[in-house]
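What follows is a set of notes on a single structure, which appears directly below.
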Protein chains: 2
Amino acid sequence: MELNILICDDDKEIVRAISIYLENEGYQVFKAYDGIEAIELVQEHVIHLIIMDIMMPKMDGITATMKIRQDNMIPLIMLSAKSEDHDKILGLNIGADDYMAKPFNPLELMARVKSQLRRYTTFGSLEVSNHVFQTGGLTIDDEQKVISVDHAEVHLTPVQYKIVKLLTANAGRVFTIEEIYEKVWNERAVNPENTVAVHIRKIREKIEINPKEPKYLKVVWGVGYKIEKY
Amino acid sequence: MELNILICDDDKEIVRAISIYLENEGYQVFKAYDGIEAIELVQEHVIHLIIMDIMMPKMDGITATMKIRQDNMIPLIMLSAKSEDHDKILGLNIGADDYMAKPFNPLELMARVKSQLRRYTTFGSLEVSNHVFQTGGLTIDDEQKVISVDHAEVHLTPVQYKIVKLLTANAGRVFTIEEIYEKVWNERAVNPENTVAVHIRKIREKIEINPKEPKYLKVVWGVGYKIEKY
DNA sequence: TTAATTCTTAAGACTTTCTTAGTGTTTTGC
DNA sequence: GCAAAACACTAAGAAAGTCTTAAGAATTAA
């Protein structure tokens with residue numbers, strides 16, 4: 001999966017240097033040199049993460065962050081500033097997700113970027129290399145995109161399939177609705193939606209004998225859903 | 001690995017705000033409102049890092065820091081004070097590990113906390129490796145949100161689960177009702193409520209063979225509750 | 001355009017949580 | 001040792017919260 005990172009700094013040398021690291025890791029990089037450019041790019045493209053300087057001409061990083069959040073846009077935002085500019089940072093909650101002091105160590109930056117983006121790397125770190133997952137009578141063949149329950153094939157729609165795959169590949173682990181949303185749609189949930197619940201219902205209709213007493217797809221009250229590990 | 005941070009400030013609003021950030025990052029937070037409370041908590045719990053205000057009633061942060069160091073206790077200590085206070089140098093000479101000027105930006109604070117705690121973590125971000133706590137016949141799997149007593153699975157509600165998790169993760173240690181309330185609900189108990197007792201009752205009903213003679217969840221009269229350490 | 005899929009909404013079912021009020025037990029002080 | 005006080009336990013019902021379900025609107029694919 002392609003992850004898009006926007007790097008925004010008025011120092012072109014920094015932008016260039018960081019881009020190299022990011023591209024090296026396989027990320028798609030977008031570049032901006034002030035807050036206004038950044039906002040434009042965010043409106044035009046699906047950006048997953050923004051690394052933004054605070055001190056910039058035209059529009060600073062704080063203002064840009066607030067504008068982006070006002071528009072209900074949900075990319076992750078990491079702010080950065082020279083350590084002596086700390087006092088410039090006012091206001092308690094402007095909606096950034098991380099902060100780094102300049103000059104920063106590229107390795108640490110990469111570690112933080114990965115840490116932030118972990119929510120999108122759905123099956124990445126957790127997935128087993130195998131193409132077939134199984135738990136109890138539930139089998140999912142990721143190569144043929146086919147799932148079977150007790151040896152009977154079941155047809156799932158794409159979204160349903162992704163949810164089942166996520167839960168089955170990590171059978172036993174409980175995922176909150178937000179987590180499921182983030183990992184399946186690759187977006188952050190803006191407000192608590194019911195859509196995941198509806199999909200869960202549809203899935204149960206297909207894979208459970210008795211949807212009221214699910215054998216596979218279980219709810220953990222007040223927490224989330226999981227596929228039972230057998 | 002669970003990292004415990006103690007935040008100590010007489011301004012309750014600050015304590016509350018910072019706790020939210022810290023908990024959001026997965027740290028276990030303890031709260032104190034003056035130096036004496038801080039020292040008590042440090043003696044009772046394994047604290048990895050203290051964020052302490054300098055200006056406080058009863059016992060100030062400098063004195064508390066010195067006392068803690070005199071006792072050969074080793075938590076990291078970050079002091080904070082309004083920028084016009086020039087106690088900075090003094091603070092660092094008496095054994096504090098970092099200093100921050102108020103008002104501070106939460107993102108910067110988080111960056112510094114992580115930086116200090118890096119010695120406890122593999123690389124920057126805090127990665128919990130162990131999801132299973134155990135003591136005697138009581139096992140709690142934090143990934144599956146499942147607890148078992150003598151190999152029999154037990155279903156707990158979210159609040160019940162949080163209480164059991166808190167006590168089990170610190171098995172043998174006594175928590176007062178107020179402590180339990182603060183940690184589970186993330187707020188101070190306004191007036192001595194009975195709600196914790198009710199939850200304790202419900203938990204015992206589920207995890208004890210004979211709730212009247214609890215084997216795991218014990219009361220310490222006049223003090224609080226604990227889970228027996230075996 | 002039609003068909004399939006996905007998303008939104010809202011009502012109702014169900015679960016959990018909190019409050020109250022009363023009962024039982026342990027400690028304190030005389 | 002006994003009464004009073006302090007603290008812990010229990011039960012039941014009200015309030016709050018979460019999940020389920022169905023139906024239809026919106027979107028996407030064929």
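The shown structure was predicted, so the numbers you read here are calculated from the model rather than taken from an experiment.
Nucleotide dT6(C) holds its C1' atom 12 Å from the NZ atom of K162(A), rounded to whole Å. Distance, L217(A) CG to dC19(D) P: 13 Å, rounded to whole Å. In this structure, K206(A) atom NZ and dT6(C) atom C1' are separated by 12 Å, rounded to whole Å. In this structure, CD of E208(B) is placed 12 Å from P of dC9(D), rounded to the nearest angstrom. In this structure, R204(A) places its CZ atom 16 Å from C1' of dA22(D), rounding to the nearest Å. Distance I200(B) CD1 to dA8(D) P: 11 Å, rounded to the nearest Å. For W221(A) and dC14(C), the CH2 to P distance is 11 Å, given to the nearest whole Å. In this structure, I163(B) atom CD1 and dC18(C) atom C1' are separated by 13 Å, rounded to whole Å.
Phosphate contact (OP1/OP2 of dT16(C), side-chain N/O of H155(B), threshold under 4.0 Å): present. A close approach under 4.0 Å does not occur between any side-chain nitrogen or oxygen of R201(B) and OP1 or OP2 of dC9(D). Look at W185(B) and you'll find a side-chain N or O under 4.0 angstrom from OP1 or OP2 of dC18(C). The shortest distance between the side-chain N/O atoms of K202(A) and the OP1/OP2 oxygens of dA22(D) is not below 4.0 Å. The shortest distance between the side-chain N/O atoms of H199(A) and the OP1/OP2 oxygens of dT6(C) is not below 4.0 Å. Phosphate proximity of dT17(C) to Y161(B): absent, as no side-chain N or O sits under 4.0 Å from OP1 or OP2.
Cation-pi geometry between R173(A) and F175(A) is met: under 6.0 angstrom from the ring centre, within 45 degrees of the axis. In this structure, K12(B) is positioned above the aromatic face of Y33(B), its NZ or CZ under 6.0 Å from the six-membered ring centre and within 45° of the axis.
Here T157(A) lies in heavy-atom contact (under 4.0 Å) with sugar-phosphate atoms only. Nucleic acid contact class of P211(A) (heavy atoms, under 4.0 Å, all strands): none.
Listed candidates were dT20(D), dT6(C), dT19(C). Nearest to the side chain of V198(B) is dT19(C). Residue Y225(B) places its side chain closer to dA8(D) than to any other of dT8(C), dT17(C), dA8(D).
Not a single donor-acceptor contact under 3.5 angstrom links the side-chain atoms of N194(A) to the base of dT18(D).
Taking 4.0 Å as the cut-off between side-chain N and carboxylate O, K183(B) and E179(B) do not count as a salt-bridged pair. Ionic pairing of E228(B) and K218(B) is present here: one or more N-O contacts between side-chain nitrogen and carboxylate oxygen are shorter than 4.0 angstrom.
For the atom pair CD of Q28(B) and CD1 of I5(B), the computed distance is 10.0 Å after rounding to the nearest 0.5 Å.
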